[in-house]
**Student:** 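Below you will find the structure I want to go over with you.
The shown structure was predicted, so the numbers you read here are calculated from the model rather than taken from an experiment. Here is how names work: the chains are called A, B, and so on, in the same order as the sequence lines, proteins then strands, and each is numbered from 1.
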Amino acid sequence: MTGFVFDRTFFQATAVEIAPAILGATLTHETDEGPVTLRITEVEAYLGDGTDPGSHAFRGKTARNAVMFGEPGHLYAYFTYGMHVCGNIVCSPVGSASGILLRGAEVVDGIELARARRGPTVRDRDLARGPARMTIAAGIRLADNGADLLSSPFSLEPATTQLAASSGPRTGVSGAGGSIEYSWRFWVTGDPTVSPYKRHPRAHA
DNA sequence: TTAAGGATTGACT
DNA sequence: GTCAATCCTTAAT
């Protein structure tokens, strides 16, 4: 893997194919406040071809999910629960929608800035443990929807070592999309920054 | 136009 | 363990 870098072509595969390979990768976001670098430890894959009932793109293109249908390697940021922003890496070629939800990460650089963004009572392992927490620590806002993660102020670097990965049903997804049939949550086995699994109350068996 | 629900989190019992 | 916060998106009137 030495010398391997992410390029646009890499993200033209589907999210399910790419998600396990993203574990251990680092995402850097540089802002006026400084850089923060996250080592990704937990992700979920969502497809958009109408076969994934848990995906925002299940019912086709809308104003909200339009970015998912655009160029791979870009950021799909969306607002949810009236107060939270979550971030995805857009996958699949233009016109085809799939994405990787970033659910958990370890802050490996800019930790003081991440602490400032998350608040004084937050423990270091919780700084980016959870999708909405991760966006706050990274300084990703709704206005960053559509940004290219492969160019400034973002950068994305592959993992440097092979990691032990686990997989299972996606967290917080209602209906059939939260079932074992869609075991598209991937995490670094045993990593403390992986968020706790919470089954949706209306998740299908 | 209205209503239901959400790819969550943090506070509280 | 339970539950409220809070507003955008979607589907149904």
**Student:** Where along residues 76-99 of chain A does a heavy atom fall under 4.0 Å from DNA chain C?
**Tutor:** F79(A), Y81(A), G82(A), M83(A)

**Student:** In residues 192-205 of chain A, which residues come under 4.0 Å of DNA chain C by heavy atom?
**Tutor:** none

**Student:** Tell me which residues in residues 118-132 of chain A put a heavy atom below 4.0 Å from DNA chain B, sorted by number, or none.
**Tutor:** R118(A), G130(A), P131(A), A132(A)

**Student:** Angle class for the F10(A)/F6(A) ring planes (parallel below 30°, perpendicular above 60°, tilted otherwise)?
**Tutor:** tilted

**Student:** Which atom pairs, one a donor and one an acceptor, fall under 3.5 Å between side chains of residues 35-48 of chain A and the rest of the protein, sequence neighbours left out?
**Tutor:**
from, atom 1, to, atom 2, distance (Å)
T37(A), OG1, T28(A), OG1, 2.8
R39(A), NH1, E106(A), OE1, 3.0
R39(A), NH1, D191(A), OD2, 3.2
T41(A), OG1, G104(A), O, 3.3
T41(A), OG1, T193(A), OG1, 2.9
E42(A), OE1, S195(A), N, 2.7
E42(A), OE1, S195(A), OG, 2.9
E42(A), OE2, R103(A), NE, 3.1
E42(A), OE2, R185(A), NE, 2.8
E42(A), OE2, R185(A), NH2, 2.9
E42(A), OE2, S195(A), OG, 3.0
E44(A), OE1, Y46(A), OH, 2.7
E44(A), OE2, T171(A), N, 2.7

**Student:** Which residues pass the side-chain hydrogen bond (donor to acceptor under 3.5 Å, both in side chains) test with H29(A), sequence neighbours left out?
**Tutor:** none

**Student:** Any idea which of dT9(B), dG6(B), dT8(B) is nearest the R133(A) side chain?
**Tutor:** dT9(B)

**Student:** Taking only residues two or more places apart in sequence, or in another chain, which ones meet Y182(A) in a ring-ring contact (aromatic ring centres under 6.0 Å, His included)?
**Tutor:** W184(A)

**Student:** Anything under 3.5 Å between a donor and an acceptor, one on a side chain of residues 137-151 of chain A, the other on a protein residue two or more places apart or in another chain? List them.
**Tutor:**
from, atom 1, to, atom 2, distance (Å)
D144(A), OD2, R141(A), N, 2.8
N145(A), OD1, A77(A), N, 3.0
D148(A), OD1, R8(A), NH1, 3.0
D148(A), OD1, R8(A), NH2, 3.4
D148(A), OD1, L150(A), N, 2.9
D148(A), OD2, R8(A), NH2, 2.9
D148(A), OD2, S151(A), OG, 3.2

**Student:** In this structure, would L113(A) and L102(A) fall into the same cluster of hydrophobic residues linked by side-chain contacts under 4.5 Å?
**Tutor:** yes

**Student:** For Y78(A), check ring-ring contact (aromatic ring centres under 6.0 Å, His included) against everything at least two apart and list the hits.
**Tutor:** H56(A), Y76(A)

**Student:** May I ask you to list the residues of residues 51-67 of chain A, by number, that have any heavy atom positioned under 4.0 Å from an atom of DNA chain C?
**Tutor:** R59(A), T62(A), R64(A)

**Student:** Let me know which of V90(A), I22(A), V16(A) forms a side chain to side chain contact (heavy atoms under 4.5 Å, CB included) with I100(A).
**Tutor:** I22(A)

**Student:** Tell me, what's DNA chain C's dot-bracket, Watson-Crick or G-U with both distances under 3.5 Å, | for other-strand, [ ] crossing?
**Tutor:** |||||.||||||.

**Student:** Going 5' to 3' on DNA chain C, which nucleotide is the first and which the last to come under 4.0 Å of a heavy atom in chain A?
**Tutor:** dA5(C) to dA11(C)

**Student:** State which residues pass side-chain hydrogen bond (donor to acceptor under 3.5 Å, both in side chains) with E157(A); sequence neighbours excluded, sorted by chain then number.
**Tutor:** none

**Student:** Out of I18(A), L156(A), L27(A), L101(A), which one pairs with I89(A) under the side chain to side chain contact (heavy atoms under 4.5 Å, CB included) rule?
**Tutor:** L156(A)

